[in-house]
Amino acid sequence: MGKRWRRFSEGLRQRFGETPERTSNGRNQQMLREAEGFARSLRQVDEQLTKVEDDVRGLSLNMKYLLESPVPTPYILSDTGETIRETADLDIVGAGVQVERITTAAEVLTVRLNVEVHAPLREWLSAFDRAKVLLAEVEKTRIEFDSRRRTVTGLEAKANGIRSRLDKGDGKQQRSFEETERKLRHKEEKCANCKTEFEQLEQECSSALRALLKDSSNLRDFLAQSYRVLHETSVEAYGGFGHSHSVPPQPHPHQPYRPSHNIPDAPQAPPQPYRPSHNIPDAPQAPPHGAMVGGY
């Protein structure tokens, strides 16, 4: 029987409950389940940080375009009736702003997040993926070992049955017994080798998963670092507007925006009462307590 077919057929037997005695690989399977939920959330964080990088890069490019654009100027009618600019000089929106500091800060954000955050997160995720592959190999070896063990048990029962019926001088039964004994010793050797392989793989997988789960607590520092990088690069970009960034800027008291123009607000339509689109009749109201119903 080929190894692949042995593993496939034994896997089907175990899946449908035909083999009650199975070698345990429970601790590795349980540790992998513990790691799966964590890995799923970690991948989402990694993807969301990548999206933040893309958004900040796009923001810096749009900010650069806006700051390097001329200030929209009003137009007036000249004495001759021509439409002309109110002022001849064109002011730039970001005059005096160090625009390159804003775009550079976005580039630094990407580089630092890749090195200081993405790299350790993805290293953990790669180790998790390798552990999944290793666990799958452990399962294949476990199933093969169970199959070989079942084969040995069957040959032992067959040899014992032949031995119990063995008559002296019966050459045919003697040859059958000897052939079964040779086959049994061969299968026992293969079963023992498979058991050793399974135990080594199971221990290797267990050690890898234990280390992986313990390392997960260290990722907290790298997650915190993502906020530090975002803060420091944001402060650097803020400094491009001429503000000091030696210390984090203090928030100013909130002041409502008061436009200098006097364009009236658009009139608001009066609220309309709710009119349901369905025509389900209202439930009938019960008569007040003590009222006479039906003329009685």
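These values consider heavy atoms only, across backbone and side chains, with no hydrogens, waters or symmetry-generated copies. Since this is a predicted model, take the numbers as computed values, not measurements. Starting from 1, each residue takes its place in the sequence as its number.
- Geometrically, R40 does not engage F38 in a cation-pi contact, judged by NZ or CZ lying under 6.0 Å from the ring centre and within 45° of the ring axis.
- Side-chain polar atoms of T110 and R57 form a donor-acceptor pair below 3.5 angstrom.
- Between K132 and D129, none of the side-chain N atoms (NZ, or NE/NH1/NH2) sits under 4.0 Å from a carboxylate O, so this pair counts as no salt bridge.
- Partner D146 forms a side-chain hydrogen bond (donor to acceptor under 3.5 Å, both in side chains) with one of R148, R150, R142 and no other, that one being R142.
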Next item on the list: Step by step, work out the side-chain contact (heavy atoms from CB on, under 4.5 Å) result for V108 and V229.
Entry: CA-CA 9 Å; V108 170; V229 172; over 6 Å; no
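- By the neighbour-count criterion of 12 heavy atoms within 6.0 Å, atom CD of E156 is densely surrounded, having more than that number from other residues, nucleotides or ligands.
- T104 places a side-chain N or O within donor-acceptor distance of the main-chain N or O of E100, the cut-off being under 3.5 Å.
- Salt bridge annotation for R182-E179: present, with a cationic side-chain nitrogen under 4.0 angstrom from a carboxylate oxygen.
- Of the possible donor and acceptor atoms, one in the side chain of N28 sits under 3.5 Å from a partner among the backbone N and O of E202.
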Next item on the list: Please assess N218 against W124 for the test side-chain contact (heavy atoms from CB on, under 4.5 Å), listing each intermediate value before the final yes or no.
Entry: CA-CA 10 Å; N218 298 329; W124 191 96; over 6 Å; no
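- A salt bridge is defined here as a Lys NZ or Arg NE, NH1 or NH2 lying under 4.0 Å from an Asp or Glu carboxylate O, and E116 with R228 fails to meet this definition.
- With no hydrogens or angles considered, a side-chain donor-acceptor pair links Q30 and R33 at under 3.5 Å.
- For H186 and E181, the side-chain atoms include no donor-acceptor pair closer than 3.5 Å.
- The backbone N or O of L42 lies less than 3.5 Å from no partner atom in the side chain of D46, so there is not a single donor-acceptor pair.
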